[in-house]
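All remarks here apply to the structure that follows.
The sequence lines fix the lettering, A, B, ..., with proteins before strands; numbering per chain opens at 1.
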Amino acid sequence: MPELPEVETVRRGLQPVMEGAKILVAEARRPDLRFPFQPDFVARLKGQVVTGLGRRAKYLMADLGSGDVLLMHLGMSGSFRVIKPDNEAAPGEFHYPKGKDSAHDHVLFRMSSGADIVFNDPRRFGYMKVIARNALEDEPLLRGLGPEPLGNEFDAAMLARSCEGKTTSLKAALLDQRVVAGLGNIYVCEALHRSHLSPRRIAATLSTKKGEPTDHAKRLVGAIHTVLNDAIKAGGSSLRDHRQTSGELGYFQHSFKVYDREGEKCTTPRCGGTVKRITQNGRSTFWCPKCQK
DNA sequence: AGCTGGACCTGGACGC
DNA sequence: TGCGTCCAGGTCCAGC
């Protein structure tokens, strides 16, 4: 599920049951997700109080009382659900209704807040890692991350600067987490449509020869802001029945203008174009060639 | 150095 | 029904 708005929605769902609560039990039900779990993964979690739950780009970060940080990424198909523990179960055991994809419930936490938290990830592109807080800046997974798209430092000037000299497409540049961290395939397509910019445009065209941001860059940053904020307000997007931690569906998918709308009429007033799908860098791009230039 | 394409996984939708 | 193909919200890494 997870681009920035979905990860932020997950964070808000987990925060009430995680923050200030102790991890009574932690369990990893397989040796690896995308990477092997660290040998001391469970040991470093058990008994720790979660002092805060934050987000950086598409990562969730749980601060622990020990000074460690639990880093979590949802990959393509990761999700969390919050369930009530079964009081009949032994204290260290997780008993809960099994669904058809329970086989992909890979990580479980029992919190002192009275919640069990289950991480499910069929494709296992997600991962979790415990890092000492004072070593965060050396963490390779976080190293080259660009600015938060909703943060103060991300503006047209900064976007133009980081796209300077880039010969790749605008689509590919915006998906590059070093340029801006948190966008994915959906919100890049949506932001480009809302700013009427072609996904095939060369990224370097966001700046003038003097290195000043063009109006295009300003429009694009504005569109990124609005589409992300609107999506967060809607609880993210629910594709293929992906759910929030509470089991509720986000509803921003109903607001997609182009993503997964190939063949539909463009919604831009007086455009009259049709949404097309092309492949760029191996991934689908949805856009309207008529109003995106 | 920057960029592209393949690899990593599983499951759902579709066509025959 | 079953089998094959294609596609999916991400990102790392090799190779050009």
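Cation-pi contact between A/Lys257 and A/Tyr259: absent, since separation from the ring centre below 6.0 Å together with deviation from the ring axis within 45° is not met. Both cation-pi conditions hold for A/Arg110 and A/Phe94: the charged atom is under 6.0 angstrom from the six-membered ring centre and inside a 45 degree cone around its axis.
Checking the phosphate oxygens (OP1, OP2) of B/dG2, no side-chain nitrogen or oxygen of A/Thr168 falls inside 4.0 Å. A sub-4.0 Å separation between OP1 or OP2 of C/dA8 and a side-chain N or O of A/Arg277 is present. For B/dG11, neither phosphate oxygen OP1 nor OP2 lies less than 4.0 angstrom from any side-chain nitrogen or oxygen of A/Arg123. Between A/Ser77 and C/dG10 there is no side-chain polar atom (N or O) within less than 4.0 angstrom of OP1 or OP2. In this structure, A/His104 does not reach the B/dC9 phosphate: none of its side-chain N or O atoms is under 4.0 Å from OP1 or OP2. Remark: A/Lys166 is in phosphate contact with B/dC3, judged by side-chain N or O atoms under 4.0 Å from OP1 or OP2. Phosphate contact (OP1/OP2 of C/dG9, side-chain N/O of A/Tyr187, threshold under 4.0 Å): absent.
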Please output the side-chain donor-acceptor pairs of residues 138-146 of chain A that fall under 3.5 Å, not counting sequence neighbours, one pair per line with the distance.
residue  : atom : partner  : partner atom : Å
A/Glu139 : OE1  : A/Lys129 : NZ           : 3.1
A/Glu139 : OE2  : A/Lys129 : NZ           : 3.3
A/Glu139 : OE2  : A/Leu141 : N            : 3.0

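Residues A/Ser284 and A/Arg277 bring a donor and an acceptor atom of their side chains to less than 3.5 Å of each other.
At whole-Å resolution of the value, CG in A/Asn120 and C1' in C/dG9 are 15 Å apart. Regarding A/Asn281, its CG atom lies at a distance of 6 Å from the P atom of B/dG5, rounded to whole Å. Here C/dG10 presents its P atom at 10 Å from CG of A/Leu239, a figure rounded to the nearest Å. Taking atom CG of residue A/Leu33 and atom P of nucleotide C/dG10, one finds them 18 Å apart after rounding to whole Å. Put simply, CG on A/Asp176 is 13 Å from C1' on B/dA1, counting in whole angstrom units. Following rounding to the nearest Å, A/Asp260 (CG) and B/dG12 (P) show an atom-to-atom distance of 17 Å. Rounded to whole Å, the distance from CD on A/Gln280 to P on C/dG9 is 13 Å. A straight line from CZ of A/Arg124 to P of B/dC8 spans 12 Å, rounded to a whole angstrom.
Shortest non-hydrogen contact noted between A/Leu183 and A/Leu175 is O-CD2, 4.4 Å. Smallest separation of non-hydrogen atoms from A/Thr268 and A/Cys291: OG1-SG, 3.3 Å. In terms of heavy atoms, A/Cys271 sits closest to A/Cys288 at SG-SG, 3.6 Å. In terms of heavy atoms, A/Thr205 sits closest to A/His216 at O-ND1, 4.5 Å.
Note on A/Gly184: only backbone sugar-phosphate atoms sit closer than 4.0 angstrom, heavy atoms only; bases stay farther off.
As rounded to the nearest Å, B/dG6 and C/dC6 have P atoms that lie 13 Å from one another. Comparing B/dC9 with C/dA14, their P atoms sit 16 Å apart, to the nearest whole Å.
In this structure, A/Arg133 does not pair ionically with A/Asp68, as no charged nitrogen and carboxylate oxygen lie closer than 4.0 Å. Note on A/Arg161 versus A/Glu164: no salt bridge recorded, every NZ/NE/NH1/NH2 to OD/OE distance being 4.0 Å or above. The residues A/Asp32 and A/Arg34 are annotated as not salt-bridged, no charged nitrogen and carboxylate oxygen being separated by less than 4.0 angstrom.
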Counting primed atoms plus P, OP1 and OP2 as sugar-phosphate and everything else as base, spell out the protein contacts along nucleotides 11-16 of chain C at 4.0 Å heavy-atom distance: B, S or - for each nucleotide, 5' to 3'. BS----
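Checking C/dA8, B/dG11, B/dC3 against every side-chain atom of A/Pro122, the shortest atom distance belongs to B/dG11. With distances taken from any side-chain atom of A/Ser284 to the nucleotides C/dG10, B/dT10, C/dC7, the minimum falls on C/dC7. Nearest nucleotide to the A/Phe125 side chain, out of C/dA8, B/dC3, B/dC8: B/dC8.
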Annotated structure of DNA chain C as dot-bracket, pair cut-off 3.5 Å, Watson-Crick or G-U only, | for inter-strand, is .|||||||.|||||||
